[in-house]
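Letters A, B, ... mirror the listed sequences (proteins, then strands); counts begin at 1.
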Amino acid sequence: MSDRNGNPQDPDNGPESPHRLIEARLQKMAELGESVELYPYGFDRSHTSEQMRADEKSLTEAETKVRYPGRIMAKRGTGKTLFVPVQDERGTVQAYFRKDDLGDEAFHRVQKLMDIGDWVGVEGKLFRTRTGELSIHVEDFTFLSKAIRPLPEKYHDMSLENRCRRRYLDLAMNQESRERFRRRSEIIAEIRAFFAEEEFLEVETPVLQSLYGGATARPFKTHHNALDMTLYLRIADELYLKRLIVGGLEKVYEIAKDFRNEGMDRTHNPEFTMLECYAAYWDYHDMMDLMERLMRRLARGISADGKLKYGEVELDFSQPFGRIRFMDALQDKTGRDLMAADDEEVAAVAREHGITLKKGMGRDKILDELFSELVEPGLVQPTFVMDHPKELSPLAKAHRETEGLVERFEMFVAGFELSNSFSELNDPREQRERFVAQKALLEAGDEEAQQLDEDFLQAMEQGMPPTGGMGIGIDRLVMLLVDSNNIRDVLLFPHMRPEQS
RNA sequence: GCGCCACUAGCUCAAUUGGCAGAGCAACUGACUCUUAAUCAGUAGGUUCGGGGUUCGAUUCCCUGGUGGCGUACCA
């Protein structure tokens with residue numbers, strides 16, 4: 001944007017010195033306001049653009065008068081006629097104005113005083129022009145709202161920055177943007193329907209928390225004035241949802257914003273939408289099955305065969321998802337059995353693969369790095385990666401067979417992580433030990449380590465049944481389903497630095 | 001965080017080696033009764049992101065601040 005620094009041509013400069021383009025529109029408003037209501041209170045719509053296209057034949061044959069509101073997207077005049085594409089949410093239908101039909105004064109209003117970007121309601125019969133454009137032969141029209149700022153140019157895409165900063169313009173100008181956000185809403189509705197059928201209860205837990213937990217991440221801090229205390233914006237719902245399991249709610253889920261005080265890039269926004277679900281008596285195998293059912297259903301909602309195009313690749317959700325063990329995948333890539341390897345050997349293998357080791361990186365952290373580097377990029381088709389090293393998962397239950405591992409899986413697809421799940425740790429003694437270990441990390445300066453949550457431990461001490469839990473990154477899921485490679489495409493208002501003068 | 005690149009009219013973009021700051025769309029005036037990126041004739045629109053420097057002269061070179069894009073690091 002060129003006007004971000006508030007120069008005198010900036011139309012944001014306010015009423016003191018209106019921009020010339022705004023001035024022109026204000027003058028039209030003044031003239032228009034003498035004869036019509038500029039901002040009326042409603043409009044009685046008979047048809048949407050979509051309905052007119054669907055029912056064109058019957059509407060035309062019956063010579064039905066339609067009443068259709070929308071935004072003016074262009075004006076093409078040929079003297080005493082005027083063609084005006086009028087856009088509603090799902091499409092555009094052209095309005096055809098004739099001076100002979102409307103009279104000089106009304107025609108002047110539409111030809112001279114109505115601008116691109118204004119809202120209008122037109123009334124008339126549907127027909128096709130000689131060139132085949134679906135049109136309304138206007139008999140009467142109503143101003144619905146006057147725009148005093150111009151719309152962006154119609155023929156080139158807006159810059160990504162402008163599309164995000166001024167999403168309303170992106171939506172106004174781009175049908176595919178409107179459709180994409182409609183898809184997002186439908187996907188989330190479908191997810192809710194799925195969880196309802198699976199008999200999960202949708203719940204809401206606090207965003208403002210005095211202790212943050214349930215994930216390894218740095219939080220946002222805020223302050224409660226009346227209580228004069230520091231509060232954190234949640235980084236996960238986990239510890240609250242587990243309290244509900246303790247309480248006897250057997251299947252719960254929440255779709256909510258989490259906040260993590262970390263970097264931003266094409267797959268990360270500081271606030272993002274997370275789904276977490278917990279089911280009593282389940283383990284991570286049950287959660288894998290649930291995830292597979294969910295993904296198959298969502299994929300089939302888009303294409304009947306369960307295969308989705310994502311960028312250059314075709315993702316197949318119709319077949320059983322791949323299942324590999326974390327350590328086996330590493331062994332495949334390194335040719336070494338790292339399960340048996342000691343810390344020195346693991347570090348050596350990491351160096352062989354060009355991984356820079358930092359101070360304080362434990363064995364499990366190094367394994368995680370190796371995995372991200374060697375295995376993750378190759379996980380294109382939906383795959384469950386199972387049975388992770390223990391240290392990285394302080395809330396997961398120890399593996400029932402293998403020492404040093406936990407019962408956990410992450411689902412990967414298209415090279416990124418879509419969900420994360422455990423057989424949840426429910427032994428309060430072990431949970432306390434793990435928190436104490438995390439606390440040590442925290443005190444050693446690891447800002448992402450988890451805090452000891454005494455209230456949560458007390459809940460667990462009350463008895464928590466065996467439980468399966470899972471988190472799904474909804475924004476990434478939507479990216480996958482709408483074939484987008486940037487999180488900003490699926491967030492209406494992604495975080496942007498404020499513009500400054 | 002770090003590195004590279006970008007920022008010029010309301011929007012999308014040009015401008016040769018440091019030498020008069022331009023186009024398309026949008027706007028304004030006029031012509032045109034089936035146009036569709038309407039067309040035709042004309043008009044207007046600029047603190048070249050902010051600040052500093054070098055120079056006879058800076059959109060152009062240097063320093064600094066801002067915002068963005070891409071890569072990288074952390075993370076979902």
Contacts of A:Tyr240 meeting ring pair (Phe, Tyr, Trp, His ring centres under 6.0 Å) (sequence neighbours excluded), chain-then-number -> none
Hits for side chain to side chain contact (heavy atoms under 4.5 Å, CB included) against A:Gln94, two or more places apart or cross-chain, chain-then-number order -> A:Arg76, A:Phe83, A:Thr129, A:Glu133, A:Ser135
Atom pairs and distances, donor-acceptor, side-chain atoms in residues 376-384 of chain A, under 3.5 Å, two or more places apart:
residue: A:Gln381; atom: OE1; partner: A:Asp316; partner atom: N; Å: 2.8
residue: A:Gln381; atom: NE2; partner: A:Glu314; partner atom: O; Å: 2.7
residue: A:Thr383; atom: OG1; partner: A:Gln381; partner atom: O; Å: 2.7

Taken in chain and number order and not counting sequence neighbours, the residues that satisfy ring pair (Phe, Tyr, Trp, His ring centres under 6.0 Å) with A:Phe141 are A:Phe97
Residues of residues 271-279 of chain A with a heavy atom under 4.0 Å from any atom of RNA chain B, listed by number, are A:Phe272
The dot-bracket string of RNA chain B, counting Watson-Crick and G-U wobble pairs with both distances under 3.5 Å, using [ ] for crossing pairs and | for pairs to another strand, is (((((((..((((.....[..)))).(((((.......))))).....(((((..]....))))))))))))....
Contact check, residues 78-89 of chain A vs RNA chain B, heavy-atom distance under 4.0 Å, returns A:Thr78, A:Gly79, A:Lys80, A:Thr81, A:Phe83
The side-chain hydrogen bond (donor to acceptor under 3.5 Å, both in side chains) partners of A:Arg260 (sequence neighbours excluded) come to none
Sorted by chain and residue number, the ring pair (Phe, Tyr, Trp, His ring centres under 6.0 Å) partners of A:Tyr278 (sequence neighbours excluded) come out as none
Side chain to side chain contact (heavy atoms under 4.5 Å, CB included) filter on A:Arg183, not counting sequence neighbours, yields A:Glu186, A:Ile187, A:Ile302, A:Val482
Sorted by chain and number, sequence neighbours left out, side chain to side chain contact (heavy atoms under 4.5 Å, CB included) with A:Asp101 holds for A:Arg98, A:His137
For A:Phe416, the side chain to side chain contact (heavy atoms under 4.5 Å, CB included) test, sequence neighbours excluded, returns A:Tyr310, A:Ala414, A:Leu418, A:Arg476, A:Leu480
